[in-house]
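One structure is given here, and the rest of the page talks about it.
So that the names make sense, note that chain A is the first sequence line, chain B the second, and so on, each numbered from 1.
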Amino acid sequence: MLDITLFRDEKKYLEILKSEKNRFKDTKNAEETKKYDDLWKKAKNDCELKKAEKNKITKETAEKAKVKENIEDLKIKSKQLDAEIKDLEKKQVEYLELRDKFRSEVGNLLWHNTTIAQGEENSKILKTWGTAKVQKKDLENFKKLSNNKMKFEQLNYDPKSHVDLGLEKDLFDLERAAKISGSRFYFLKNKLAILHLSILRFAIDKLMKKGFNFMYTPFIVNKDAIEKAAELADFEETLYKVGEDQFLIATAEQTLAAFYMDEIIPKDALPIRFAGLSSCFRKEAGSRSKDTRGIFRVHQFDKVEQYVFCLPEDSEKIHAEMITNEEEIIQDLEIPYRLIDICSGDLNNTAAKKIDLEAWMPVQGTFRELGSGSITTDFQTRKLNIKYEDKNEKFVVHSLNCTTLASPRILTALIENFQDEKGIIHIPKVLQSYTGFKEI
RNA sequence: GCAGGGAUGGCAGAGUGGUCUAAUGCGCUCGCCUUGAGAGCGAGUAUCCGUAAGGAUGCAAGGGUUCAAAUCCCUUUUCCUGCGCCA
């Protein structure tokens, strides 16, 4: 949520409108925010005048009561004021709610170097890494998707989809998962399940070496926290509700973001780096027909997430650092990928800037998202009321989030990239000490 | 799950209907003093609206009683202690 004072400053208000236009959104939310803020201030002022009057009468009453004078007239006057105050208060609350409803739908101010464009195909390819294994039929598409700059080798055999190979090798059971849980659930079996655990542990070790604090977070959050840590759209499309006022987390970002809710962090404690591991639960309501087969898009998965609280001036630097961490780990796993600078029209409201890491998938013949890292400035932390103190003044902390890796999604990338002609899946070297085997 | 006791500013902690405009201490900020540091002294240090003057709010959250609530009542959340249950 944006700072309300930005809407009150004419110059900054114009920046908000511009940012919204650059996101290809209607500026209505910003305009209504300003309108209701003005109305709220007016109602608040009126209400406070009445309250001041009432407070005066209360004091007068106290003095008269002390010397046993008659206070009946004052009581009546006081009651009258109460009714007026109640009325104005109702109005005030109403305007404030409307103001913040609209305000919460205004997107974060775009970062200075976010690409202004609309549509996935207009997001900039920042970088490619690795040597992609490409089927002949996908060559043309591959070149386009990698800016013609990425190394590749043409496959001289037909790789099997992760679903076919996985079923063939008894690495997961999807039918029985569907029977007892529903579609998009899975049992991971045998060596693939070990690989799943190994990858997570590998990523955690790597981040801990870089000074991250490892956090194994709760999977359920209360309404208060999730409302501040998630976006409005998530409640419809992503979040599972459990019980009256509790939700399953869709990412550890949500628990980590809310960790310091309503707290003041000492300035010299920043930056605070968290590596969070949690299961993630997503309804995937907005993607009914996408990736229905296999374990690529599922309702439940495990993820290692980087989450950092920092000073405003450090956001850009730390964002780069987090993306590098993610890259290093994917490089260690030897998965070829590209980095995408997500364009303004495709950004979620919280992100001022977002960089996606997409792996090359030899069977699907395209790049698929493995994770993303966002600069969110003070957008999340303002709602969560997380501040730091500097010279007796309090300021909102900035925060950033970045995937490190998510499994089983990353398993599909490994299966597609590391199967040989005979259908043997080779385990990346760095993982072998974790798995205890070299191939599946 | 049961019983009992708590929740007050950055922290500790006083305050059991009007004099709470929330004491006091610590911490922090600024100033004075000092060669410097410290000590000492003085001022400041919850939130919102307002250029300001000022006003309003605030004692876990929400509701209620009252002319008047940190203080009394109800509901909820949460922490502690003991008992019970449980991997």
[X] side chain to [Y] side chain, donor-acceptor N/O pair below 3.5 angstrom:
X: E20(A); Y: N29(A); value: no
X: N22(A); Y: S344(A); value: no
X: S123(A); Y: D346(A); value: no
X: H426(A); Y: D420(A); value: yes
X: K191(A); Y: T435(A); value: no

Between [M] and [N], how far apart are the [atom1] atoms? Round to whole Å, please.
N: rG84(B); M: rU78(B); atom1: P; answer: 24 Å
N: rC67(B); M: rC79(B); atom1: C1'; answer: 37 Å
N: rA70(B); M: rA61(B); atom1: C1'; answer: 15 Å
N: rC80(B); M: rU8(B); atom1: P; answer: 14 Å
N: rU47(B); M: rC59(B); atom1: P; answer: 15 Å
N: rG18(B); M: rC73(B); atom1: P; answer: 16 Å
N: rU29(B); M: rG15(B); atom1: C1'; answer: 28 Å
N: rC83(B); M: rG10(B); atom1: C1'; answer: 37 Å

In whole Å, what is the span from the [atom1] atom of [X] to the [atom2] atom of [N]?
X: K223(A); N: rU77(B); atom1: NZ; atom2: C1'; result: 14 Å
X: D3(A); N: rC48(B); atom1: CG; atom2: P; result: 10 Å
X: L49(A); N: rG55(B); atom1: CG; atom2: P; result: 11 Å
X: N385(A); N: rA46(B); atom1: CG; atom2: C1'; result: 12 Å
X: D268(A); N: rC28(B); atom1: CG; atom2: P; result: 11 Å
X: L88(A); N: rU57(B); atom1: CG; atom2: P; result: 13 Å
X: I76(A); N: rU66(B); atom1: CD1; atom2: P; result: 15 Å
X: K56(A); N: rU21(B); atom1: NZ; atom2: C1'; result: 17 Å

Touch check for [X], heavy atoms < 4.0 angstrom, all strands: base, sugar-phosphate only, or nothing?
X: D224(A); value: nothing
X: K54(A); value: sugar-phosphate
X: K44(A); value: base
X: K59(A); value: nothing

Which nucleotide in [options] has an atom nearest any side-chain atom of [X]:
X: T58(A); options: rG10(B), rC67(B), rG50(B); value: rC67(B)
X: W40(A); options: rG10(B), rC48(B), rG64(B); value: rC48(B)
X: K86(A); options: rC67(B), rG10(B), rG64(B); value: rG64(B)
X: T61(A); options: rA56(B), rC67(B), rA46(B); value: rC67(B)
X: D82(A); options: rC49(B), rG64(B), rC67(B); value: rC67(B)

Phosphate contact ([N] OP1 or OP2) by [X] side-chain N/O below 4.0 Å:
X: N55(A); N: rA56(B); answer: yes
X: K51(A); N: rG55(B); answer: no
X: K394(A); N: rG10(B); answer: yes

Among V304(A), I330(A), N325(A), side chain to side chain contact (heavy atoms under 4.5 Å, CB included) partner for T404(A): V304(A)

Can you list the stems that include RNA chain B, where a stem is three or more consecutive Watson-Crick or G-U pairs with distances under 3.5 Å? B:1-7 with B:77-83, B:10-12 with B:24-26, B:27-32 with B:40-45, B:46-49 with B:54-57, B:60-64 with B:72-76

Where each residue is assigned the nucleotide of RNA chain B containing its nearest heavy atom, which of S78(A) and K387(A) is assigned the position nearer the 5′ end? K387(A)

Assign each of I57(A) and E53(A) to its nearest nucleotide of RNA chain B by heavy atoms, then name whichever residue's nucleotide is nearer the 5' end. E53(A)

Between R184(A) and E284(A) (salt bridge meaning N to carboxylate O under 4.0 Å), is one present in this structure? no

Whether R103(A) and D100(A) form a salt bridge (side-chain N of Lys/Arg under 4.0 Å from carboxylate O of Asp/Glu) is what I want to check. yes

Out of R282(A), Q300(A), K283(A), H299(A), which one pairs with Y240(A) under the side-chain hydrogen bond (donor to acceptor under 3.5 Å, both in side chains) rule? H299(A)

